[in-house]
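We use all heavy atoms of the structure for the numbers below, so side chains are in, but hydrogens, waters and symmetry mates are not. We name chains A, B, ... by the order of the sequence lines, and we start the count at 1 in each one.
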Amino acid sequence: MGKYFKYIIKRLLFAILILFGVSVILYVLIRVSPNDAFADLIKTSHANSSDEELEQLLYDSLNPYGLYDKSFWGIIQGYFIWLGKFLTGDMGISYAYGKRPVSEVIGQYMWTSFGISFASLIIEMIIAIPLGIKCAVNQYGKLDYAATVLCMVGIAFPSFFLGNILIKWFAVDLGWFETGGLNSVGGGGFIDTLWHLVLPMFVLVVLNIGGLMRYTRTNTLEVLNADYIRTARAKGLSEGKVVYKHVFRNTMIPLVTQLTFTLPGLFGGAMITEQVFNLPGIGNIAYQGLFRGDIFLSMGYNMFLAVLTVIGVLLADIMYAVVDPRVKLTA
Amino acid sequence: MKEKKVKENLTEELAPETQANTAVETDVVAAEVAVETQVETVAAETATQETATETTATEEDIHGENLHDKVKVLSPGATVAKRFFRSKLSVIGLVTIILLFLFSFAGPLFSPWAANGGTVLDTNPDLIKEILATKPVSYTVDGVTYEALAVSARLPSVVKLGDISASHWMGTDVLGYDVLTRLMYGGRISLTIGFVVVILETIIGVIMGSLAGYFGKWVDSLIMRIVDVLSCIPSLPIMLILYSVFYNIKDVSKLYYMMMVLCLIGWVGTARLVRGQILSLREQEFMLAAKASGLSTASKMFKHLLPNVIPQLIVSMTLGLGNIILMEATLGFLGIGAPADTPTWGNLINLANEATYRQYYPNLWVGAGICITLAILAFNFVGDGLRDAFDPKMKR
């Protein structure tokens, strides 16, 4: 266990280094941007204030986080003030969402996104993994050909185009589904919400299923060429046993690690799909906030995503070592 | 029938050989024929012991055909091209790309609604002519008196949100522009941006990747840490931050700046690819030979290492093109890319955000959506086809 421990510690240190780099880049981007978008945002809630009052408001909201002083030293000092606040969990105040702390806003809307993304991920896995294995076993068969082409079409469809077409045809023209938010006006309940989620989940599944299927297919093909599969066949095992016992289990190794990379998508939300269907997920909230110049939410959300990505990579490395004992632990 | 089969066998056997080898073998066979047709000698004995294949070949030679003409030796480039064109999907992709390019770059030349670099409004010509009143006026500027005619006319009325008609195959948009022509101009911007960004990304990626892979040690660790950091930055949210960075730029150059920053983040994939390839190539015998010949570092890198990475680079560039086009479209859809009146595919599909246009004017945005999807699909098809064509292990 000592070996694992040392490895994990080393990876953790690297992760912190990476996050430090990301935070510097984000901070620089925020600082080189003019405060105009943020000023416009503040103006909307203080319509009757004079210019001096607005400048004072801007100062009051930005200076505690070191984001006001535009001089060279001010920018450098500001980073450490901001970093200090960030490390204690204070990501600033979201002016676009009722002047609440950013962490509270993220925490609130994150779970809607998680629910939708998680359900779609399960559906994707149920369809894509068996299909991918089947395609690999019957490589270049009719099913393989059809599935590959369909997957590529799915990958190529931009989510906003697919989403809008679905809304037009299925929600409005045919009236089969409800869209826009999680509940109808005056309605409510689980069934109603589910009815609203059919189309967005369909979009998410169509978009991501292709990648997962092709990944499964490629990995299965690799496993099928391995020596131990030939041995299994030589022993006279039935084809079903070879595929579902020997191939399937070994295919799962890269798949499990691949799934950890979906972490940012799971918690970070699907920005465009949520925006198209106007769902109150973190992706849509962040988009609205970023678009309106809520710089605290921008910083917070981007750091949140970066942390998720780093954790995803870290988990993938650790999982890989745990699932496959042949992997050497070299950081 | 038998002859044909044998010929195939021969072709398969000889194909990997070089042209010179083939020629030599043909000569040998010819010599044996000469011996065989004469009285039996020791040499003829050995000739008859040869395989059936060669005997048939010799028979053919007697009929005056040269084996040389039958064995086709393909250069590596031709082999790749042959494999590429054998796949239906790649050909479909390539044709689609060519059609999209023709549509965007040649299309406006045939459109009556295209004007010098932009589209023109459809105005009702009868109304412009309707002059309400004219009045002669005279005014003096710098001591010179000008005689003029003041004309008051009805303002031209713009055909806004026109239906699909013979003159507007896809109708007119909110401002009265011809949608089809906008779509063509949009393709120009979207496709050009795709190519420029991918080429820039690849240049940066190749330089960084080969530096890291070739020099190793601290150069490698430094570059790879930068790669790690950049690959953790989420590309879409960062675009939203860039939107506020370039908040005050109100013309199309904003899109170019954003795409430039995208290049500065997007090279990491290429760098990883190049580094990985170079790390494995560096250990191979031909590099040892290059080192033993005393070649300079630059020559080793640009003449011996990088050409071996080019196949993978071409594949990743082709697949990357689709992604960049999608990114531009996404920016346009979210309304954070080029200003709204610039025709890009993304900006055209932006109208789908509004329920009225989405529901009642699908002609405004569906075309752009189809173009984007086709472009991404085509680039993916071609990229996949190229990958298979370049891979010598692929049997199909």
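- No part of B:Asn323 comes within reach of chain A, as not one of its non-hydrogen atoms sits under 4.5 angstrom from that chain.
- When heavy atoms are compared at a cutoff of 4.5 Å, A:Ile25 approaches chain B solely by way of its side chain, counted from C-beta outward.
- If you run side-chain contact (heavy atoms from CB on, under 4.5 Å) between A:Thr260 and each of A:Leu266, A:Val313, A:Leu315, only A:Leu315 comes through.
- Counting heavy atoms from C-beta on, the side chains of B:Trp365 and B:Leu348 never come closer than 4.5 Å.
- Looking at A:Phe157, the atoms closer than 4.5 Å to chain B (heavy atoms on both sides) sit in the backbone and in the side chain alike.
- Neither the backbone nor the side chain of A:Phe20 comes within less than 4.5 Å of any heavy atom of chain B.
- No other option in B:Leu334, B:Asn353, B:Leu89 has as many heavy-atom pairs under 4.5 Å with chain A as B:Leu334.
- Only the side chain of A:Met271 comes within contact range of chain B, judged by heavy atoms closer than 4.5 Å.
- Residue B:Ile370 touches chain A through both its backbone and its side chain, counting heavy-atom pairs closer than 4.5 Å.
- Counting heavy atoms from C-beta outward, A:Tyr301 and B:Pro237 have side chains that approach closer than 4.5 Å.
- Ranked by non-hydrogen atom pairs under 4.5 Å with chain B, the options A:Asn302, A:Val307, A:Thr309 are led by A:Asn302.
- The shortest side-chain heavy-atom distance between A:Ile155 and A:Leu207 does not fall under the 4.5 Å cut-off.
- Looking at A:Leu308, neither its backbone nor its side chain comes within 4.5 Å of chain B, counting heavy atoms on both sides.
- No other option in B:Thr373, B:Leu242, B:Ile376 has as many heavy-atom pairs under 4.5 Å with chain A as B:Thr373.
- Interface remark: B:Ile238 contributes backbone and side-chain atoms alike to the contact with chain A (heavy atom separation under 4.5 Å).
- Looking at B:Ser104 and B:Trp345, their side chains come closer than 4.5 Å, going by heavy atoms from C-beta outward.
- With chain B as partner, the option from A:Pro158, A:Gly283, A:Ala286, A:Pro264 having the largest number of non-hydrogen pairs under 4.5 angstrom is A:Pro158.
- Ranked by heavy-atom pairs under 4.5 Å with chain A, the list B:Leu374, B:Val261, B:Ile226, B:Asp384 is led by B:Asp384.
- Taking 4.5 Å as the limit, every side-chain heavy atom of A:Ile30 sits out of range of all side-chain heavy atoms of A:Trp82.
- Contact check for A:Arg217 versus A:Cys151: no side-chain heavy atoms found under the 4.5 Å cut-off.
- In this structure, no portion of B:Phe379 lies under 4.5 Å from any heavy atom of chain A.
- Side chains of A:Asp144 and A:Asn138 form no contact here, defined as non-hydrogen atoms less than 4.5 Å apart.
- No other option in A:Gly21, A:Gly312, A:Ala156 has as many heavy-atom pairs under 4.5 Å with chain B as A:Ala156.
- Ranked by heavy-atom pairs shorter than 4.5 Å toward chain A, the options B:Asp228, B:Leu236, B:Thr330, B:Leu326 are led by B:Thr330.
- Side chain of A:Tyr27 to backbone of A:Ile75: a donor-acceptor contact under 3.5 angstrom is found.
- By the side chain to side chain contact (heavy atoms under 4.5 Å, CB included) test, A:Val276 is found to be paired with A:Phe160, A:Asn164, A:Ile167, A:Ile272, B:Phe333, residues two or more places apart in sequence or in another chain being considered.
- Distance alone, capped at 3.5 Å, places no donor-acceptor pair between the A:Trp169 side chain and the A:Leu166 backbone.
- For a residue to count as touching a neighbouring chain, one of its non-hydrogen atoms must lie under 4.5 Å from one of that chain's; by this rule B:Leu377 touches chain A with backbone and side chain alike.
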